[in-house]
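Read the structure below first, then the notes.
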Amino acid sequence: MAGRWSRDGAVQDQIDASIEDAVKQARSQLPKGAGLSHCEECDVEIPQARRDAVPSARLCVTCQELVNETQKTSGGINRRGSKDSQLR
Ligand SMILES: [Zn+2]
């Protein structure tokens, strides 16, 4: 049934949209270009050496690598899903 398909899709779109909104809102509250002392994703302290090397770093090395991987493989819906479940 076509109606059932589009309803499921709409729910998923809504979930995706609210995650994106939350991320955008969180990011917009941070000064652009400023680094953080603790990882934006997992709240681990970002080592001073990393902050010296990357003054705008807002993620620990682990999370930054996850982001890099996601960007590299773009279209990694499964990856994004598993990353979200790690956060819970
Ligand atoms: Zn992290």
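Because the structure is a prediction, the values reported are computed rather than measured. Ligands are counted one by one from 1 in listed order, and the atoms in each one are counted from 1 as well.
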Query raised in the report: So do Glu41 and Cys60 actually touch side chain to side chain, heavy atoms under 4.5 Å?
Result: no

Query raised in the report: Sequence neighbours excluded, which residues qualify as side-chain contact (heavy atoms from CB on, under 4.5 Å) partners of Arg50?
Result: Ile46, Pro47, Val54, Ala57, Val61, Gln64

Report task. Give every protein N, O or S atom lying under 2.8 Å from the Zn ion (ligand 1), naming each by residue and atom. Result -> Cys39 SG, Cys42 SG, Cys60 SG, Cys63 SG

Query raised in the report: How many angstroms lie between CG in Asp43 and OG in Ser37, if you round to the nearest 0.5 Å?
Result: 8.5 Å

Report task. Can you establish whether the number of heavy atoms outside Gln14 located under 6.0 Å from its atom CD is more than 12? Result -> no

